[in-house]
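Only this structure's heavy atoms are used, side chains among them; waters, hydrogens and symmetry mates stay out. All chains are named by letter (A, B, ...) in the order of the sequence lines, taking the proteins before the strands, and each is independently numbered beginning at 1.
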Amino acid sequence: MPESDVPFPERVYEIVARIPSGRATTYGAIARALGNPRGAREVGWALSGVPEGSQLPCHRVVDREGRLSGGWAFGHPEIMAGRLEDEGVPFLEQYRVDLSIAFWDPSVEDDTQQLGLF
DNA sequence: GCCTTGACGGCAA
DNA sequence: GTTGCCGCCAAGG
């Protein structure tokens with residue numbers, strides 16, 4: 001069946017699920033990968049529907065500046081930041097990841113970008 | 001059917 | 001580099 005039949009939230013989850021450990025991506029990048037460049041807010045809305053305890057690594061999704069805009073959804077940004085830091089994600093500030101190194105583009109399937117090379 | 005809210009993004013001042 | 005405002009898309013009151 002056409003992918004267009006798949007509900008938007010599920011397409012978001014599918015992308016988020018394949019974000020490599022130690023990397024991060026943005027709401028806008030995911031939206032663009034789904035062919036909806038203006039749907040960044042919709043991506044955020046989709047993730048807000050993710051129940052606690054889900055295996056979905058939604059903590060690896062940040063805004064375009066690398067800030068933990070969704071940190072409070074985990075109860076406290078420290079939880080999200082600690083988990084990212086534990087995976088080796090570089091931070092510019094306490095609540096801001098270095099996307100120049102850790103950014104993972106969902107529209108690229110090339111495995112070399114998952115090697116953590118820079 | 002109208003208005004407000006929200007885990008965003010882009011641009012102007 | 002910051003702050004503010006507007007635009008987008010969906011959901012909920």
Side-chain angles (χ1 to χ4, degrees):
Chain A
M1 294 305 291
E3 296 178 6
S4 58
D5 286 357
V6 180
F8 196 88
E10 292 200 13
R11 301 179 76 193
V12 173
Y13 303 155
E14 192 172 338
I15 289 178
V16 174
R18 57 176 213 256
I19 300 175
S21 179
R23 305 294 289 278
T25 190
T26 69
Y27 302 94
I30 294 173
R32 189 170 293 115
L34 293 177
N36 191 349
R38 303 300 183 193
R41 303 193 82 171
E42 190 177 353
V43 173
W45 172 82
L47 293 183
S48 68
V50 177
E52 297 179 18
S54 173
Q55 296 302 309
L56 211 61
C58 42
H59 57 278
R60 295 176 189 150
V61 183
V62 297
D63 66 17
R64 79 174 289 293
E65 295 180 351
R67 297 196 181 117
L68 311 187
S69 58
W72 291 103
F74 293 80
H76 193 287
E78 184 58 37
I79 299 175
M80 183 176 177
R83 203 165 165 181
L84 287 169
E85 192 174 58
D86 189 56
E87 294 177 351
V89 176
F91 276 75
L92 289 174
E93 298 171 24
Q94 188 171 29
Y95 296 129
R96 186 177 179 184
V97 303
D98 188 348
L99 289 180
S100 67
I101 298 176
F103 178 68
W104 177 79
D105 188 343
S107 66
V108 178
E109 296 182 16
D110 189 346
D111 289 356
T112 57
Q113 75 169 345
Q114 297 184 18
L115 298 179
L117 302 176
F118 60 89

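With rounding to the nearest 0.5 angstrom, the CZ atom of A:R96 is 5.5 Å from the CD atom of A:E65. Taking CZ from A:R32 and CZ from A:R38, the interatomic distance works out to 8.0 Å, rounded to the nearest 0.5 Å.
As rounded to whole Å, 12 Å separates atom C1' of C:dT2 from atom CZ of A:R96. Residue A:I30 contributes atom CD1, which lies 22 Å from atom P of C:dC8 at whole-angstrom precision. In this structure, the CH2 atom of A:W45 is 10 Å from the C1' atom of C:dC9, given to the nearest Å. As a whole-Å value, the separation of A:E65 CD from B:dG10 C1' is 11 Å. The CZ atom of A:R32 sits 16 Å away from the C1' atom of C:dC9 (whole-angstrom rounding). Straight-line distance from the CG atom of A:L56 to the P atom of B:dA7: 17 Å, rounded to whole Å. Going from atom CZ of A:R60 over to atom C1' of B:dA7 covers 17 Å, rounded to whole Å. In this structure, A:L47 atom CG and C:dA11 atom P are separated by 15 Å, rounded to whole Å.
With C:dC9, B:dG6, B:dA7 as the choices, the nucleotide that has an atom nearest any side-chain atom of A:R41 turns out to be B:dG6. Looking at the side chain of A:Y27, the nearest of the listed nucleotides C:dA11, C:dT2, B:dC8 is B:dC8. Side-chain proximity of A:T26 to B:dA7, B:dG9, C:dA11: nearest is B:dG9. Nearest to the side chain of A:R67, among C:dA11, C:dT2, B:dA7, sits C:dT2. When distances are taken from the side chain of A:D63 to each of B:dA7, C:dT2, B:dC8, the shortest belongs to B:dC8.
If you find the closest nucleotide of DNA chain C to A:E93 and to A:E42, the one lying nearer the 5' end belongs to A:E93. Toward the 5' end of DNA chain B, the nearer of the two residues A:H59 and A:R38, judged by each one's closest nucleotide, is A:H59.
Side-chain atoms of A:E78 and A:Y95, non-hydrogen and from C-beta on, do get closer than 4.5 Å to each other. Considering only heavy atoms from C-beta on, A:L68 stays 4.5 Å or farther from A:F74 through its side chain.
Look at A:R64 and you'll find a side-chain N or O under 4.0 angstrom from OP1 or OP2 of B:dG10.
At a threshold of 4.0 angstrom between heavy atoms, the contacts of A:S48 include nucleobase atoms, whether or not backbone atoms are also involved. Note on A:G39: nothing from the nucleic acid sits closer than 4.0 angstrom, heavy atoms only.
Side chain of A:R23 to backbone of A:W104: no donor-acceptor contact under 3.5 angstrom is found.
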